[in-house]
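A short worksheet on the structure shown next.
Chain letters run A, B, ... following the sequence lines, proteins first, then strands; residues in each count from 1.
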Amino acid sequence: MKLTVFGKSYEVEKGSSAGDLLKNEFAEDFKSYYAVKIEGTLTDLFAPIDKDAEITPVTFQDEDGKKVFRHSCSHLLSMAVLQLYPDAKLAIGPAIENGFYYDFDVETPFKPDDLPAIEKAMDKLMRSSLRPKRFTLPRSEAIALMKEKNEPYKVELIEDLPEDATISFYQMGDFVDLCAGPHLPNLNYLKAFKLTQIAGAYWRGDENKKMLSRIYGTCFPSKQELNDYLEMVEEARKRDHNKLGRELELFTTVDIIGQGLPIFLPKGTRILQILQRWVEDTEMKRGYVHTKTPLLAKRDLYKISGHWDHYRDGMFIIGDPDDETKECFALRPMTCPFQYQAFLNRSRSYRDLPMRLGETSTLFRNEDSGEMHGLIRVRQFTISEAHLIIRPDQLEEEFRGCFNLAHDILSTLGLWEDCSFQFSQWDPQNTKKYEGTPEQWDAAQQAMKIILDDIGIDYKVAKDEAAFYGPKLDIQIKNVFGKEDTLITVQIDLLLAKKFGMEYTDADGQKKNPYIIHRTSIGCYERTLALLIEKYAGAFPTWLAPVQVKILTITNRSDDAAGELQQMLWDQNLRCELDLRNEKIGFKIREAQMQKIPYMFVIGDREAENKTVTIRNRKGDNLGTVPFGDAVAMIKKLNDDKTID
RNA sequence: GCCAAUAUAGCUCAGUUGGUAGAGCAGCGGUUUCGUAAACCGCAGGUCAAGGGUUCGAGUCCCUUUAUUGGCUCCA
């Protein structure tokens, strides 16, 4: 039998394993091989092979290798937990990005204080050098084994597998766990792990099922790598917008106003204002017109749109929703049906299309109390919303236009490189959620697929993530905790125009329903601001900074000159603050740096006399002494060019 | 909504087995007018998140509520 590895073939005995070969031929690197791919299938290193094959070892450098490594660590965790809590029932324990978790059903949920003891038990088990041993059983025997071990969750998992499935287990000492594998050849590879947090998690992700106790952890091949990672996480959390945004006085919250209802302070408001003006101008340059529609409407409107049926729980309702004899209003959770009324204002011709209706739109969504997160998930927010009412033949061009706009906006903000793409499709099985016929859905999804493939972005398909009226392109971004959220969405809707009786007269004189694209250009301002804070750690590019320049005087003799300079900046619509306090200049600079202000203009006696300033950047570097006019021009250029400095 | 953690001055945090609240920074008033990472002196600042309970006595123990945080679920 021949095994080929790294392009070289070796003659080996039939039934021997990749591990046997690698151990001999690549002894030096052998410890870094966690498993092998045999003809593309990830397999245990020492699994017997019975025919010629191409094998590729996987290491921690490979995604697959990381997965094997961390999955084995999750098993180490479950072994330790069973040792300390013999009554714990095992659920599942996969590897995830940057680590792993394991879900347990225990009488009392784990507490943070329990983790050190579990880690200690894991460490001891790790040192006993257990070799995970794989064996398989037919389905009925597998169920019997798990029943004997009193593992109801495992039984349920097996019962969901097909009748004829062969089911694999891994044994490590007395410990047996249902598992597809593969695993590390020896658990003593797991020299550097850490249990990071505890959380509740529903069995099978279903909120109607039991809540289990989840332990998260991470592990690396060496202590050094583990510490580097933990340090990196620590650093990332220092950029947390929720902490920084408050420290920098961008926003605050108060109990008495309520959850998910942030107060934007002057500096935060300034940034929102800069963004909004820029977005509206940008849209105008691309043929958008804007509307201003009400923040609430009678329930009747939402009944037509379908929101009353689909999302009533998510709306703030004013009045008794169940009393049909009285007026009942709801704050709007979206703008669609409001803007459609603008289209319906008079009869429309095919020549009127595309009609690009934009609105800087404040929305209200009654999110569950546990959902709120800083500025990322709030109950009242403002979105750069638009509905493009178009003819079918305009779909491709207009969709591209929306994509390009999103690209241009996010690139200017410096966020584009951090984004990923998700093509959110419907699930025909989930009949409760979606409206429209399979034909309509196929048409919309097919159209979007063609456009996305043509644009050439790398997207991931997400089933059952569509809006109830159509498929979406979601532009996703991760926050400092690694949690992904949608920043921008572009949706194709072939359904709602008909429901609202929207028609245009085509060239052939026929009345037709338009298509509609729902989209945002900068997304939700609150969320985008949150991501910007985290991206720049509060040190915004000059064009976005709420205070672009701080003018610092060395003595009060320079106050008049400072005032003059401030007025010159104001005259150019630039944003500056004056610090005339009687403090040492070093102290003032330090304070401006802590406020992350991009530039400091220092004026002492020498400068005041010549009408010059010494410019310092936020790092404190001296950029030289220049005339007032030049200093103002420098900031003006950074501002107008939207430079990411 | 569910699982868990947290809540003391504007901010960062002390506060012992229950004995009636403390520091630094910020603020205010003085002094200092100074050339690059925290000048000096003084003053003021708190219903210890809110409400209830146990106790002779609660920041501390118990319960409820609110908010914040990390997950889960949800996310038009």
*So, A:Y101 versus A:Y216, ring centres under 6.0 angstrom or not?*
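Between A:Y216 and A:Y101, which both carry aromatic rings, the centre distance is below 6.0 Å.
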
*asked:* Ring centroids only, cut at 6.0 angstrom: are A:Y311 and A:F468 within range, meaning strictly under it?
replied: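 Between A:F468 and A:Y311, which both carry aromatic rings, the centre distance is below 6.0 Å.
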
Residues in side chain to side chain donor-acceptor pair (under 3.5 Å) contact with [X], at least two apart in sequence or another chain:
{"X": "A:Q259", "answer": "none"}
{"X": "A:E235", "answer": "A:K238"}
{"X": "A:E119", "answer": "none"}

Listing time: all N or O pairs from protein to nucleotides 10-12 of chain B that are below 3.5 Å?
none

*Looking at residues 611-627 of chain A, who's got a heavy atom less than 4.0 Å off RNA chain B?*
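Output list: A:T614, A:R616.
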
*If a protein heavy atom is under 4.0 Å from the base, mark B; if only from the sugar-phosphate, S; if neither, -; do that for nucleotides 63-68 of chain B going 5' to 3'.*
----SS

*Tell me, please, which residues at least two apart from A:F421 pass ring-ring contact (aromatic ring centres under 6.0 Å, His included).*
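Counting only residues at least two positions away or on another chain, A:F421 forms a ring-ring contact (aromatic ring centres under 6.0 Å, His included) with A:W416.
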
*asked:* Considering every strand and a 4.0 Å limit on heavy-atom distances, what is the contact class for A:E607: base, sugar-phosphate, or nothing?
replied: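 Since a base atom lies under 4.0 Å of A:E607, the category is base.
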
*Would you indicate what A:F481 reaches in the nucleic acid, counting non-hydrogen atoms under 4.0 angstrom: base, sugar-phosphate, or nothing?*
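If one applies the 4.0 Å heavy-atom cut-off, A:F481 turns out to touch the sugar-phosphate alone, with no base involved.
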
*asked:* Is it true that, when you exclude A:K303 itself, more than 12 heavy atoms of the residues, nucleotides or ligands shown sit nearer than 6.0 Å to its NZ?
replied: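 Yes, the 6.0 Å shell around NZ holds more than 12 heavy atoms from other groups.
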
*Are there more than 12 heavy atoms of other residues, nucleotides or ligands under 6.0 Å from atom NZ of A:K498?*
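No - once you tally the heavy atoms of other residues, nucleotides and ligands closer than 6.0 Å, there are 12 at most.
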
So which protein N/O to nucleotides 72-76 of chain B N/O distances come out below 3.5 Å?
residue: B:C72; atom: O4'; partner: A:G200; partner atom: O; Å: 3.1
residue: B:C72; atom: O2'; partner: A:Y202; partner atom: N; Å: 2.9
residue: B:U73; atom: O2'; partner: A:E207; partner atom: OE2; Å: 3.2
residue: B:U73; atom: O2; partner: A:E371; partner atom: OE2; Å: 3.1
residue: B:U73; atom: N3; partner: A:E371; partner atom: OE1; Å: 3.1
residue: B:U73; atom: N3; partner: A:E371; partner atom: OE2; Å: 2.7
residue: B:U73; atom: O4; partner: A:E371; partner atom: OE1; Å: 2.7
residue: B:C74; atom: O2; partner: A:E371; partner atom: OE2; Å: 3.4
residue: B:C74; atom: O2; partner: A:R377; partner atom: NH2; Å: 2.7
residue: B:C74; atom: N3; partner: A:E371; partner atom: OE1; Å: 3.3
residue: B:C74; atom: N3; partner: A:R377; partner atom: NH1; Å: 3.2
residue: B:C75; atom: O2; partner: A:R377; partner atom: NH1; Å: 2.7
residue: B:A76; atom: OP2; partner: A:K472; partner atom: NZ; Å: 3.4

_Test of understanding: with salt bridge (Lys or Arg N to Asp or Glu O under 4.0 Å), list the residues that count as partners of A:E156, not counting sequence neighbours._
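Result, salt bridge (Lys or Arg N to Asp or Glu O under 4.0 Å) vs A:E156: A:R204.
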
*Bracket string, RNA chain B, 5' to 3' - pairs by Watson-Crick or G-U geometry under 3.5 Å, | interstrand*: (((((((..((((.....[..)))).(((((.......))))).....(((((..]....))))))))))))....

*Picking from B:G35, B:A5, B:U33, which would you name as closest to the side chain of A:R557?*
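Selected nucleotide (nearest to the side chain): B:U33.
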
*Residue pairs fulfilling side-chain hydrogen bond (donor to acceptor under 3.5 Å, both in side chains) with at least one residue in residues 553-563 of chain A, sequence neighbours excluded*: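 Counting only pairs at least two positions apart or across chains, the side-chain hydrogen bond (donor to acceptor under 3.5 Å, both in side chains) contacts touching residues 553-563 of chain A are A:T553-A:K588, A:N556-A:D559, A:R557-A:D605.
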
Give me the distances for all protein-to-nucleotides 38-48 of chain B N/O pairs that come in under 3.5 Å?
residue: B:A38; atom: N6; partner: A:R590; partner atom: NH2; Å: 2.9

